[in-house]
Amino acid sequence: MARVYIEELSKHVGEEVAIRGWVYNKRSSGKIRFIVVRDGTGLLQCVMVKGMIPDDVFNHFDSLTQESSLTVIGKIKKDDRAPGGYEMELSNLQVISIAKEYPITPKEHGVDFLMDHRHLWLRSSRQHAILRIRHQIITAIREFFDNHGFILMDAPIFTPAACEGTSTLFETDYFDLGKAYLTQSGQLYGEAGAIALGKIYVFGPTFRAEKSKTRRHLTEFWMVEPEVAFNDLNDNMELAEEFLEHVVASVLKYRSQELKTLERNTKFLENVKKPLPKISYTEAVDILKKKGISFEWGNDFGGTDETVISEQFDRPVIVHRYPAQVKAFYMKRDPQNEALALAMDVLAPEGYGEIIGGSQREDDYDTLVKRIHEHGLPQSAFEWYLDLRRYGSVPHAGFGLGVERTVGWICGLDHVRETIPFPRMIYRLTP
RNA sequence: UCCACAGUAGCUCAAUGGUAGAGCAUCCGGCUGUUAACCGGAGGGUUGCAGGUUCGAGCCCUGCCUGUGGAGCCA
């Protein structure tokens, strides 16, 4: 007899099959009993009627607890009364393991309790939907870059010093070489890769030791960072919008069922088509002022500022040419206005904030040395990086996309902690 | 680091300063189409911790702990 998965049951109507999984829920009305089984790919309602099957099989029902593992065998039929649309007329049932009293009941729970049981919470339908969409987003990211001639180039996670010199980093002892730090960005290494290979992307985890305590922050998160030799700021923005369009379209195409499970309104997602609106930082400041928000030119946007700006558009908006003073040392200045950096951020709609940050990089050796000193950074730590300007320097640009914020936005979640299987936050290191 | 809010049964929550309760979960019983099934019954409590006010504190006051949201910083 065929052992099949629930998601492929439509191909097995009328056949007797075996499904291996776990008890999601059970209900009884005396002589007729229902077991809802999950197998990781979906839910299947199994029906058994007293007298139609051997009593010992029928009586197994009583011992089943939520999340007990079992094999169910029976004929598949279409039935609109069943969740998922298909139902199994159970003919046999083999218990693999009876679960102890399961902490997560079909009723509501608080976030803290669920986070303490994250390893079990992952079994619920909603978490399935989020993780499948996360998978789709990561698949689409790799697909996009792979199909556009980019080479995946992994950057190290242990680094000798701060990449940008601003964030607080996680520190660890590193044998006789002193301190090592967990990377906060693979970008500088990505630049070396772009000069070596033309166009590359770094895709890996990054770490920030800042005590950020908001719905948009994790201490460990994933970032994808493309870097392209000979690209300028405009090329960079075009790459970003084409990339975002592909990722969102892929989720809409392959994960509509999961978006439905999450009750996601896809209106804004369907709008993610290039070209995206592009405004300068100065224009963004004007928007804030028109909305009556007091904001001084030269500051960086806060969370609420980003929300107000993004609310003016029906799709992600690209903001470019920020004041250089709020941006990193390696960003190239605008030749038209030295006070501006050739930087760009993509703000997601509906208040999800910055999902992409990038820039054209400073490619002039002398200017870059000057910036390193202006930011109070030790030049010795950046000698290898300066080599990229000593030996065949070219204009180049890239950006970083935060995977968890992107998942949160596409899924319509109110907190990034549900976008990654095991979130790491300042007050949570377990499970 | 700062600001605000919260902590009562395994879980989610009630309880004017006056006998700590409900739903779910668990256990027992009933029900031939259930949909977070339903109906009847049972067990389950050091009200986060330490003090204080009061005849009397889950409730008021002080301190601490833990968590949540936000600010700063950022993706």
Side-chain angles (χ1 to χ4, degrees), chain A residues 24-36 43 45-52 58 61-63 65-67 79-85 87 89 99-117 120-121 124-126 163-169 183-187 204-225 299-307 326-328 345-348 352-358 399-409 414-417 419-420 425-428:
Chain A
Y24 195 72
N25 201 355
K26 64 174 192 177
R27 294 181 279 271
S28 168
S29 180
K31 303 285 186 297
I32 182 165
R33 296 173 164 183
F34 303 89
I35 308 167
V36 178
L43 296 177
Q45 174 164 286
C46 305
V47 195
M48 51 191 200
V49 178
K50 192 175 175 62
M52 310 276 284
F58 187 78
F61 182 92
D62 293 326
S63 66
T65 53
Q66 195 185 348
E67 289 299 321
D79 193 315
D80 291 337
R81 291 173 293 188
E87 190 172 78
E89 281 175 3
K100 299 211 186 319
E101 190 178 337
Y102 192 66
I104 301 179
T105 67
K107 284 279 178 176
E108 64 206 47
H109 297 282
V111 172
D112 191 44
F113 175 82
L114 289 170
M115 274 300 168
D116 283 340
H117 298 84
L120 303 178
W121 189 20
S124 73
S125 306
R126 179 183 162 82
C163 284
E164 308 187 7
T166 50
S167 294
T168 318
L169 304 183
T183 182
Q184 60 160 330
S185 165
Q187 187 212 305
T206 49
F207 307 87
R208 305 279 166 93
E210 265 132 13
K211 292 194 172 180
S212 298
K213 207 175 163 311
T214 81
R215 67 181 69 200
R216 301 184 307 280
H217 288 89
L218 299 169
T219 53
E220 175 183 319
F221 62 97
W222 286 69
M223 198 153 63
V224 58
E225 301 175 279
N299 291 336
D300 206 352
F301 300 127
T304 1
D305 302 322
E306 288 182 350
T307 302
V326 301
K327 290 294 181 183
D345 285 356
V346 179
L347 307 181
Y352 281 94
E354 183 185 346
I355 51 171
I356 285 180
F399 60 82
L401 169 117
V403 169
E404 285 72 22
R405 283 191 186 173
T406 305
V407 175
W409 161 54
D414 63 4
H415 202 301
V416 289
R417 67 188 153 204
T419 64
I420 185 166
M425 296 172 287
I426 54 173
Y427 294 128
R428 180 168 295 281

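Here is how names work: the chains are called A, B, and so on, in the same order as the sequence lines, proteins then strands, and each is numbered from 1.
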*So which nucleotide from B:A75, B:A71, B:G33 ends up closest to the side chain of A:Gln45?*
B:G33
_Residues in side chain to side chain contact (heavy atoms under 4.5 Å, CB included) contact with A:Phe399, at least two apart in sequence or another chain_ = A:Pro226, A:Asn236, A:Leu239, A:Ala240, A:Phe243, A:Met344, A:Ile356
_Residue whose closest nucleotide on RNA chain B lies nearer the 5' end, A:Ser29 versus A:Met223_ = A:Ser29
*Any idea which of B:A75, B:C73, B:U32 is nearest the A:Lys31 side chain?*
B:U32
_Results of side-chain hydrogen bond (donor to acceptor under 3.5 Å, both in side chains) for A:Asp414 - residues two or more places apart only_ = none
*Report the residues that fulfil ring pair (Phe, Tyr, Trp, His ring centres under 6.0 Å) with A:Phe207, sequence neighbours left out, ordered by chain and then residue number.*
none
*Just compare B:C31, B:C74, B:G67 and give me whichever is closest to any side-chain atom of A:Glu306.*
B:C74
*asked:* Please tell me if A:Arg27 has a side-chain N or O lying less than 4.0 Å from either OP1 or OP2 of B:C39.
replied: no
*Is the distance from OP1 or OP2 of B:U68 to the nearest side-chain N or O of A:His415 less than 4.0 Å?*
no
_Nearest-angstrom distance, C1' atom, B:G69 to B:G10_ = 26 Å
*Considering only the C1' atoms, how many Å lie between B:G58 and B:C31, rounded to the nearest integer?*
40 Å
*Looking for any heavy atom pair under 4.0 Å, which part of the strands does A:Ser28 touch: base, sugar-phosphate only, or nothing?*
base
*Pick the P atom in B:C60 and in B:A6, then give their distance to the nearest Å.*
10 Å
*Looking at residues at least two apart in the chain, or sitting in another chain, which of them share a side-chain hydrogen bond (donor to acceptor under 3.5 Å, both in side chains) with A:Glu225?*
A:Ser185
Any protein N or O atoms within reach of nucleotides 43-49 of chain B? Criterion: under 3.5 Å, listing atom names and distances.
none

*Could you work out the separation of B:C59 and B:G67 based on their P atoms and round it to a whole Å?*
23 Å
Atom pairs, protein N/O to nucleotides 1-11 of chain B N/O, distance under 3.5 Å:
from	atom 1	to	atom 2	distance (Å)
B:U1	OP1	A:Lys211	NZ	3.4
B:U1	O4	A:Lys211	O	3.4
B:C11	O2'	A:Glu108	O	3.3
B:C11	O2'	A:His109	ND1	2.5

*For B:G23 versus B:U62, give the span between their P atoms, rounded off to a whole number of Å.*
37 Å
*Quick one: does A:Asp345's side chain get under 4.5 Å of A:Lys327's, heavy atoms only?*
yes
*Taking the same atom, P, in B:C27 and in B:A57, what whole-Å distance lies between them?*
39 Å
*Sequence neighbours excluded, which residues qualify as ring pair (Phe, Tyr, Trp, His ring centres under 6.0 Å) partners of A:His415?*
none
*asked:* Stacking between B:A75 and A:Phe221, yes or no? Criterion: centroid separation under 5.5 angstrom, plane angle under 30 degrees.
replied: yes
*Which of these nucleotides, B:G67, B:G33, B:C74, is closest to any side-chain atom of A:Asp112?*
B:G67
_Going by the rule side-chain hydrogen bond (donor to acceptor under 3.5 Å, both in side chains), which residues pair with A:Arg428 if we only count those two or more places apart in sequence or in a different chain?_
A:Asp112, A:Asp116
*Using ring pair (Phe, Tyr, Trp, His ring centres under 6.0 Å) as the criterion, list what pairs up with A:His109, not counting sequence neighbours.*
A:Phe113
*Classify the side chain of A:Arg33 versus the base of B:C31 as yes if they form a donor-acceptor pair under 3.5 Å and no if they do not.*
no
*Taking the side chain of A:Arg208 as heavy atoms from C-beta outward, which of B:U34, B:A75, B:G67 is closest to it?*
B:A75
*Partners meeting side-chain hydrogen bond (donor to acceptor under 3.5 Å, both in side chains) with A:Glu101 (sequence neighbours left out)*: none
_Separation between the C1' atoms of B:C64 and B:C28, rounded to whole Å_ = 45 Å
*State which residues pass side chain to side chain contact (heavy atoms under 4.5 Å, CB included) with A:Lys31; sequence neighbours excluded, sorted by chain then number.*
A:Lys50
*asked:* Are there runs of at least three consecutive Watson-Crick or G-U pairs touching RNA chain B, with each pair's two distances under 3.5 angstrom? Give them by first number.
replied: B:1-7 with B:65-71, B:10-13 with B:21-24, B:26-30 with B:38-42, B:48-52 with B:60-64
*For the residue pair A:Lys26 and A:Arg33, establish whether any side-chain heavy-atom pair is separated by less than 4.5 Å.*
no
*Base, sugar-phosphate alone, or nothing: which one does A:Glu87 contact when heavy atoms must sit under 4.0 Å apart?*
base
*B:G29 versus B:U66 - spacing of their C1' atoms, nearest Å*: 42 Å
